[in-house]
Amino acid sequence: MKYQGIIFDLDGVICHTDKYHYQAWKKLADKLEVYFDEVINNRLRGVSRMESLNIILEKCDRELTIQEKEACAKEKNEFYKELLKNMTTEDLSQEVRETLEQLREKGLKLAIGSSSKNAGFILERIGLGDFFDAVSDGNNITFSKPDPEVFLKAAQFLNLQPEQCLVVEDAEAGLLAAKRGNMDCAGIGEAAKSHLATYKLRDFQELLSVVEK
Ligand code: BG6
Ligand code: MG
């Protein structure tokens with residue numbers, strides 16, 4: 001097989017938390033009286049919480065202090081975590097669950113490579129708390145995507161070289177991170193349109209044929 005491990009982004013690949021991120025940021029933006037819409041929201045995919053806040057604050061007419069920014073990021077996360085409580089095992093599609101099981105049966109090691117500090121909580125909610133061989137997330141990195149750190153750490157946790165791993169991503173920042181980490185990358189959703197994607201997936205289960213190539 002071409003790869004020995006697969007590193008999955010979480011938000012937008014394994015499950016769809018985008019609507020919750022959007023609702024939580026929107027609530028904060030409305031409170032701050034800062035314009036925010038779905039187009040701006042698309043720029044937040046894959047980037048850290050604080051970097052997301054900085055993007056949102058581009059529309060703010062005053063400069064916030066570091067302390068104010070930290071309070072805002074904390075508040076957004078509280079809104080977001082409240083919304084995440086709505087997630088259940090129903091939020092993991094049958095397609096994703098079965099594909100993950102079949103990839104494992106092929107002998108591949110499977111990891112998460114996510115910028116989110118809530119990755120563990122989300123995985124628990126959707127019933128994958130103990131599933132992955134390794135989880136590299138926002139809690140074990142200094143630099144967020146497009147820096148490759150989160151994926152390089154995931155490969156390390158799997159005891160694999162970066163070149164032995166395939167990354168699966170829905171965001172441009174993630175595709176760039178994989179490329180900088182010297183890893184092939186399968187783009188899904190919006191990322192399937194990018195020239196940075198080694199493979200352009202029509203759906204999640206297509207991964208089963210990609211790993212056989
Ligand atoms: C990424 C999302 O997975 O995690 C980003 O695509 C988000 O939109 C980032 O900003 C950080 O998430 P969290 O849960 O730590 O605020
Ligand atoms: Mg994503």
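Atoms within a ligand are numbered from 1 in the order they appear, just like the ligands themselves. Remember, it's a predicted structure, so these values are computed and weren't measured experimentally.
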Review point. For N118 and N77, does a side-chain donor sit closer than 3.5 Å to a side-chain acceptor?
Key: yes
**Study point:** Distance-only donor-acceptor check, side chains K69 and N54, under 3.5 Å
**Key:** yes
Exercise for review: Determine the interplanar angle of the H21 and Y80 rings, folded into 0 to 90°, and report it as parallel if under 30°, tilted if 30 to 60°, perpendicular if over 60°.
Suggested key: parallel
Practice item. Work out which heavy atom in L176 is nearest to a heavy atom in L196; give both atom names and the distance. Key: CD1-CD1, 3.7 Å
Practice item. Locate the shortest heavy-atom distance separating Y22 from D37; write the atom from each residue and the value. Key: CE1-C, 3.8 Å
Practice item. Using a cut-off of 6.0 Å, state whether more than 12 heavy atoms not belonging to K179 lie near its atom NZ. Key: no
Revision key, fill the gap. For ligand 1, protein residues within the heavy-atom limit of under 4.0 Å are D11, H21, L44, R45, G46, V47, S48, R49, S52, Y80, S114, S115, S116, K117, N118
Exercise for review: Take K74 and E78 through the test salt bridge (charged side-chain N to carboxylate O under 4.0 Å, His left out) and record every step on the way to the result.
Suggested key: CA-CA 6 Å; K74 186 164 178 266; E78 277 156 15; 3.6 Å; yes
Point to revise | Angle in degrees, rounded to 10°, that OD2 of D9 and O of D11 form at the Mg ion (ligand 2) | key: 90°
Revision key, fill the gap. Looking at D170, the N, O or S atom sitting nearest the Mg ion (ligand 2) is OD1
